[in-house]
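What you see below is based on every heavy atom in this structure, not just the backbone, and it leaves out hydrogens, waters and symmetry mates. Order of the sequence lines fixes the chain letters, A, B, ..., with proteins taken first and strands second; residue numbering starts at 1 for each chain. No experiment lies behind these values; they were computed from the predicted model shown.
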Amino acid sequence: MPASESLNTQTNDSSFDDIWEELAWRGLVAVSTDASELKGLLAGPPITFYCGFDPTAPSLHLGNLVQLLLMRRLQLAGHRPLGLLGGSTGLIGDPKPTAERTLNDAAVVAEWVGYLQHQVSKFLSFDGENAARLVNNLDWTARMSALDFLRDIGKHYRIGTMLKKDAVSARLNSDEGISYTEFSYQILQGLDFRQLYVDYGCVLQTGGSDQWGNLTSGVDLVRRAEGVGVHAIGTPLITNSDGRKFGKSEGNAVWLDPALTSPYAFYQFWLNADDADVIGRLKVFTFLSRKEIERLADAVAHEPFKRQAQRTLALEVTTVVHGREATAAAIAATGALFGQGELADLDPQTLESALRELPNTTTIPDATVMQVLVDTGLTSSLGESRRAVEQGGVYLNNIKVVDAAALVGDSMLPGGFSVLRRGKKTLAGVFVE
RNA sequence: GGCAAGUUACCCAAGUGGCCAAAGGGAUCUGACUGUAAAUCAGCCGUCUACGACUUCGUGAGUUCGAAUCUCGCACUUGCCA
C-alpha cells in the first residue's frame, strides 16, 4: 500500500538541463557506456530501459532501493521502465566476490519472486504513456534447451572475456574458486538484455557498479547478436564514509519489507546517518531538489547538532518506502522514546503505541530482566544479557539495571508495560500481564 | 584418474599430543566523551542451573591416561600432472 502513494509527489529537479545532469549531480553514475551518447539518448524521445532484481532473499534491501529510485527518476524523465524479476537468474546466483552461493530451492525462489514483484511495483507508475512493466526472465529461459543455449548464445561469448570479469577473476584468484554455474551467470544476464531488446526495444540497463561485468555482458551480446549498440549505467556502491558496508545494522541488512525491518527501525537507520554521509544519501535516496539539499548541507556544516539533514532524510526515505502513516508512527515513537521528559509523564496511550513499533514481548512480572532481554532480541543469550547488565548497558524505564537477578516487575509504568533499553539507543517493549 | 596442500569461533588468522574455550587482527556489542554523529580510549566477544559444568577446531571412526593437534575413511576447496 505505501510507496505508491508517494509517486504523485515525486519529480525530478527542473533546474538541471536534463536528467543526465541530475543523475550525475546525485552521484548515481559510477560507470557507464559512452556518456555523451547516453546523455543524448536520455534527453531525446522516450526509451525503454530495464533493471533486474534477483530473488536471493524474501525482500529487497537498501542496495535495491538505489536502483528502484533511479528507475523512477528515469520514468519521471519520460522513459519506460521494465522491472525484471530474476526467476531464472535467482536460481543460479551471481558470483559474490568472496564465496560460492548456496543454491536455493526452486519453490522458495518462486515464492520470493512474488514478494519482490510486489515490492518493485510500489516504486513505479503503471499508468500513462510510459507505464512500467514487470517481466520475469524465467519466462524465456525456462523453455530454452541446453543446446539452444550453447549454439545461439554461447557462440557469442569468448572465454577470455568472461574470465576477465572482476566477479569471476576475483574468485579464480581466491582459494574458493568458482563453479561453472556461477561462471555462467553473466551469460544468463546477457541473454535477458537481448530478449528485452527484441521484445520491447529496450536499450539501457541499469544496475550496481559491482554488476558492471554483467551489464556489459548484455551490451556485448546485443551488439554481436543484433548488431545494435545499447547502453548500461552502473550506480556507485553505497558505502559509509569509513568504507564499511552500508545497510548492515546489528549484522542484519536493512530490508524494505516492514515485516523484516520495521518502519521504526528503518526510520532510525536513516536518522543515525553520519554527518559525512548524510548529504550523499539525500541525493541518492530522496527526490528533494538541489536547492533544498544544498540548504541542508549548509545546516550540517553550521549547526550539525540539530541534525536537520538526518531528520529530513529519515522522513523522506521512510515515507517513500513505507508511506506517510507508518512514517508518522515511527516519528511519534521516536519522539516518545527519545524525548527529554520522564517516561512516566508520557501519555500511556502514546507510549504503548510507540512500544508496539519496537521489538516487544509479553511476559509476567516475575520474569527476569535477563530473560526478557533475550525474548525481545536485544541479546541473543542469557550470557550476553548478563554481560550487558554487568557492563551497565541495560535500562528498564530509563533506570540502570544493576542486579543480574532483577525482575521485570521491579519497575513498571502505568498501563502495565516497560521500556527496555540496551545501550544508548536499542529499545524494546515489555508488556506485563 | 594421479600427486600435493588445505578445511579453526561472524570474517581473516595463529596453534602441530596436556599449561586450549583455543594467540592476534577486523566487525558487532557495552562504557566514557557526545548531537540517537564521527574520531578516540577502555571493556566484552561459545553455552549454561556460572569461582564450576557442558559443547566446539569440515565429517565419521580409531590410537592415547589425555587429541584442534597423531592414524584411517569420507566430503568439500585449491594447485600441478594426465
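- Looking only at atom types and distance, the side chain of A:Asp94 has no donor-acceptor partner in the side chain of A:Thr89 under 3.5 Å away.
- Ranking B:rG31, B:rG35, B:rC29 by closeness to the A:Arg307 side chain, first place goes to B:rG35.
- Under 4.0 angstrom from either OP1 or OP2 of B:rC48 there lies at least one side-chain N or O belonging to A:Ser381.
- Under 4.0 Å is where a charged nitrogen must lie from a carboxylate oxygen, and between A:Arg386 and A:Glu390 no such pair does.
- Across B:rA37, B:rU36, B:rU30, the shortest atom-to-atom separation from the side chain of A:Thr334 is found for B:rU36.
- As a whole-Å value, the separation of A:Leu358 CG from B:rU36 P is 17 Å.
- Summarising the geometry, the separation between CD on A:Glu357 and P on B:rU36 is reported as 21 Å, rounded to the nearest angstrom.
- If you take atom P in B:rA82 and the same atom in B:rC20, they sit 47 Å apart, rounded to whole Å.
- When the C1' atom of B:rA37 is taken as reference, atom NZ of A:Lys425 falls 8 Å away, rounded to whole Å.
- In this structure, A:Gly392 and A:Met370 both approach RNA chain B, and ranking their closest nucleotides by distance from the 5' end singles out A:Gly392.
- Nucleotides B:rG46 and B:rA32 are separated by 28 Å at their C1' atoms, to the nearest Å.
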Pair A:Gln67-A:Thr235, side chain to side chain donor-acceptor pair (under 3.5 Å): steps then yes or no: CA-CA 8 Å; A:Gln67 302 307 320; A:Thr235 59; 2.7 Å; yes
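- In this model, no side-chain donor or acceptor of A:Gln391 finds a partner on the base of B:rG31 within 3.5 Å.
- Taking atom CD of A:Glu384 as the reference point, atom P of B:rC45 lies 11 Å away to the nearest angstrom.
- A distance of about 15 Å separates the P atoms of B:rU28 and B:rC11, rounded to the whole Å.
- Nucleotides B:rG73 and B:rC65 have their C1' atoms positioned 26 Å apart, rounded to a whole Å.
- Between A:Glu21 and A:Arg290 no salt bridge is recorded (no basic side-chain N to carboxylate O distance below 4.0 Å).
- Residue-level contact check: A:Leu378 touches neither bases nor backbone, having no heavy atom under 4.0 Å from any strand.
- Taking a pair to require two hydrogen-bonding distances under 3.5 Å in either a Watson-Crick or a G-U wobble arrangement, B:rU63 remains unpaired.
- Interatomic distance, A:Leu38 CG to A:Thr33 OG1, rounded to the nearest 0.5 Å: 4.0 Å.
- The separation between A:Asn173 atom CG and B:rU78 atom P is 12 Å, rounded to whole Å.
- Rounded to whole Å, the distance from CD on A:Glu100 to P on B:rU77 is 8 Å.
- With both ends at atom P, the span from B:rG6 to B:rC10 equals 23 Å, rounded to whole Å.
- Residues A:Trp270 and A:Phe285 place their aromatic rings such that the two centres sit under 6.0 Å apart.
- A donor and an acceptor atom, one from each side chain of A:Gln308 and A:Arg295, are located under 3.5 Å apart.
- With both ends at atom P, the span from B:rG60 to B:rG52 equals 30 Å, rounded to whole Å.
- The listed nucleotides are B:rG35, B:rU47, B:rU49; the one nearest the side chain of A:Leu382 is B:rU49.
- Taking 4.0 angstrom as the limit, A:Arg311 places none of its side-chain polar atoms (N or O) nearer than this to OP1 or OP2 of B:rG35.
- The gap from the C1' atom of B:rU64 to that of B:rA75 amounts to 27 Å, rounded to the nearest Å.
- Within 3.5 Å, a donor on the side chain of A:Asp275 pairs with an acceptor on the base of B:rG35, or the reverse.
- The side chain of A:Lys424 places no N or O atom within less than 4.0 Å of a non-bridging phosphate oxygen (OP1 or OP2) of B:rG31.
- Picking from B:rC29, B:rC45, B:rG35 the nucleotide with the shortest atom distance to the side chain of A:Arg387 gives B:rC45.
- Nucleotide B:rG31 forms a Watson-Crick or G-U wobble pair with B:rC41, both donor-acceptor distances falling under 3.5 Å.
- A:Leu373 places its CG atom 17 Å from the C1' atom of B:rC48, with the value rounded to the nearest Å.
- Both distances falling under 3.5 Å, in either a Watson-Crick or a G-U wobble arrangement, place B:rA53 opposite B:rU47.
- Taking a cutoff of 4.0 Å between a charged side-chain nitrogen and a carboxylate oxygen, A:Glu303 and A:Lys306 qualify as a salt bridge.
- Rounded to an integer number of Å, the gap from A:Leu313 CG to B:rA37 C1' is 13 Å.
- Nucleotide B:rA68 is matched to nothing when pairs are restricted to Watson-Crick or G-U wobble geometry with both distances under 3.5 angstrom.
- A 3.5 Å limit on both hydrogen-bonding distances identifies no Watson-Crick or G-U partner for B:rC19.
- For B:rG15 and B:rA4, the P atoms lie 22 Å apart once the distance is rounded to whole Å.
- Nucleotide B:rU7 is matched to B:rA75 when pairs are restricted to Watson-Crick or G-U wobble geometry with both distances under 3.5 angstrom.
- Between A:Arg386 and A:Ala273, the residue anchored nearer the 5' end of RNA chain B, judged by the nucleotide with its closest heavy atom, is A:Ala273.
- The base of B:rU36 sits with one of its N or O atoms less than 3.5 Å from a complementary donor or acceptor on the side chain of A:Gln268.
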